[in-house]
Amino acid sequence: MKKYDVNIGVNRIEQRLINGRDKDITDDHLVAYRVSKEEILANWLKYIEKIIKAFFINTGKSFDEENLFQQPFEDQLWENIRTFIKNFIQLPLWKDRALASTIFSGKSNYDFWKHIFDTGNTAENVPVLAQPINYMEMIKK
């Protein structure tokens, strides 16, 4: 699945996009770079946690919230997680190079991305997503 090209790295990717010096940056690399930024990763991993908890609750199985990732997952739960991630990385904002000078410029905090995922907009009401993240919808193929 190697979408991230170690030869390109992460050095000033957004600035290279802004300056039009991004011919060697593939969409797959850009997506991998953007979704793995700490403040973004921390927020979308919360949806993975919700997907796991919802699975256990909806199947009526008990689970240990304190050790959520130290218990066996059924194949269907793994499929739900995979489907969410596939759908998440397909969101248009990850490939949108024009967002390099706005949404992706500078270091954003965790709350910035939480707000975008929760509402679809920045705190200033600038649209980023067509709709807020609905993790239950995003586990559907």
Side-chain angles (χ1 to χ4, degrees), residues 1-18 20-141:
M1 209 158 134
K2 303 188 179 198
K3 307 290 184 183
Y4 180 84
D5 184 346
V6 294
N7 296 318
I8 296 172
V10 298
N11 190 25
R12 301 178 51 83
I13 284 182
E14 301 297 347
Q15 191 60 49
R16 287 170 60 192
L17 295 172
I18 293 167
R21 295 183 294 117
D22 60 328
K23 291 182 179 114
D24 61 334
I25 301 172
T26 65
D27 284 348
D28 287 341
H29 183 84
L30 184 59
V31 170
Y33 166 71
R34 285 178 170 175
V35 300
S36 66
K37 291 178 79 171
E38 178 185 347
E39 62 274 15
I40 296 171
L41 180 68
N43 276 287
W44 71 260
L45 283 176
K46 290 177 184 174
Y47 290 107
I48 301 298
E49 179 181 16
K50 290 177 183 182
I51 289 166
I52 294 166
K53 288 179 179 179
F55 179 83
F56 283 119
I57 290 167
N58 290 332
T59 58
K61 298 187 178 175
S62 63
F63 63 99
D64 181 358
E65 280 194 60
E66 297 299 316
N67 298 299
L68 193 59
F69 293 98
Q70 288 149 8
Q71 48 206 326
F73 290 174
E74 294 180 22
D75 289 344
Q76 183 58 56
L77 177 52
W78 283 116
E79 186 58 33
N80 292 353
I81 293 168
R82 264 189 297 278
T83 302
F84 173 84
I85 293 170
K86 286 177 184 175
N87 287 331
F88 185 77
I89 65 174
Q90 292 301 315
L91 294 172
L93 80 149
W94 308 126
K95 292 181 183 178
D96 190 337
R97 292 166 188 260
L99 296 178
S101 61
T102 56
I103 302 303
F104 292 107
S105 66
K107 174 92 168 137
S108 303
N109 63 30
Y110 290 31
D111 290 337
F112 177 81
W113 285 100
K114 180 182 183 322
H115 188 80
I116 288 173
F117 294 163
D118 288 348
T119 67
N121 303 318
T122 65
E124 296 78 27
N125 212 29
V126 175
V128 178
L129 300 171
Q131 57 193 17
I133 300 289
N134 179 329
Y135 66 93
M136 295 304 282
E137 286 297 314
M138 290 182 69
I139 63 172
K140 297 177 182 174
K141 293 187 180 194

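Just the heavy atoms: all of them, side chains too, but no hydrogens, waters or symmetry mates, feed the values below. Only a predicted model underlies this, so the values are computations on that prediction, with no experimental measurement involved.
With ring centers used as reference points, Y135 lies 6.0 Å or more from F117.
Considering all non-hydrogen atoms of both residues, R34 and L17 come closest at NH2-CD1, 3.5 Å. The two residues A123 and H115 make their nearest non-hydrogen contact at N-CD2, 3.4 Å. Closest non-hydrogen pair, I103 versus F112, comes out as O-CE2, 4.0 Å. When all heavy atoms are compared, the tightest approach of A98 to S101 is O-OG, 3.5 Å. Counting all heavy atoms, side chain and backbone alike, F104 lies closest to I40 at CE2-CD1, 3.9 Å.
Applying the side chain to side chain donor-acceptor pair (under 3.5 Å) test to every pair with at least one member in residues 48-57, sequence neighbours left out, gives these pairs: E49-K53, K53-E65.
Counting only heavy atoms from C-beta outward, the side chains of R16 and D24 approach each other to under 4.5 Å. Counting heavy atoms from C-beta on, the side chains of E79 and D75 never come closer than 4.5 Å.
With hydrogens and angles disregarded, a donor-acceptor distance shorter than 3.5 Å links the side chain of W94 to the backbone of F88. Between the side chain of Q71 and the main chain of F63, no donor-acceptor pair closer than 3.5 Å is present. Between the side chain of N58 and the backbone N or O of A54 there is at least one donor-acceptor pair closer than 3.5 Å. In terms of modelled atom types and a separation under 3.5 Å, the side chain of N43 and the main chain of Y110 share a donor-acceptor contact.
By the side chain to side chain contact (heavy atoms under 4.5 Å, CB included) test, E124 is found to be paired with T122, V126, residues two or more places apart in sequence or in another chain being considered. Taking the side chain to side chain contact (heavy atoms under 4.5 Å, CB included) definition, one finds that T102 meets it with L99, sequence neighbours left out. N80 is linked by a side chain to side chain contact (heavy atoms under 4.5 Å, CB included) to I51, F55, Q76, I139, counting only residues two or more places apart in sequence or in another chain. In terms of the salt bridge (Lys or Arg N to Asp or Glu O under 4.0 Å) criterion, K23 has no residue partners (sequence neighbours excluded). Qualifying side-chain hydrogen bond (donor to acceptor under 3.5 Å, both in side chains) partners for K37, counting only residues two or more places apart in sequence or in other chains: none.
Atom OG1 of T119 is separated from atom CD1 of I133 by 10.5 Å, given to the nearest 0.5 angstrom. Remark: I52 CD1 to I81 CD1 distance equals 4.0 Å, nearest 0.5 Å. Taken from CD in E14 to CZ in R97, the straight-line distance is 10.0 Å, to the nearest 0.5 Å. Rounded to the nearest 0.5 Å, atoms NZ (K95) and CD (Q90) are 5.0 Å apart. Here CG of D118 is found 10.0 Å from CG of D111. Values are rounded to the nearest 0.5 Å. The distance from the CZ atom of R82 to the CG atom of L77 is 9.5 Å, given to the nearest 0.5 Å.
Atom NZ of K141 is surrounded by 12 or fewer heavy atoms from other residues, nucleotides or ligands within 6.0 Å. Around the CG atom of N67, the shell of radius 6.0 Å holds more than 12 heavy atoms that belong to other residues, nucleotides or ligands.
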*Could you walk me through whether I85 and V35 pass the side chain to side chain contact (heavy atoms under 4.5 Å, CB included) check?*
CA-CA 10 Å; I85 293 170; V35 300; over 6 Å; no
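Taking the six-membered ring where tryptophan is involved, the planes of F56 and F73 are perpendicular, since the angle between them exceeds 60° and thus also 30°.
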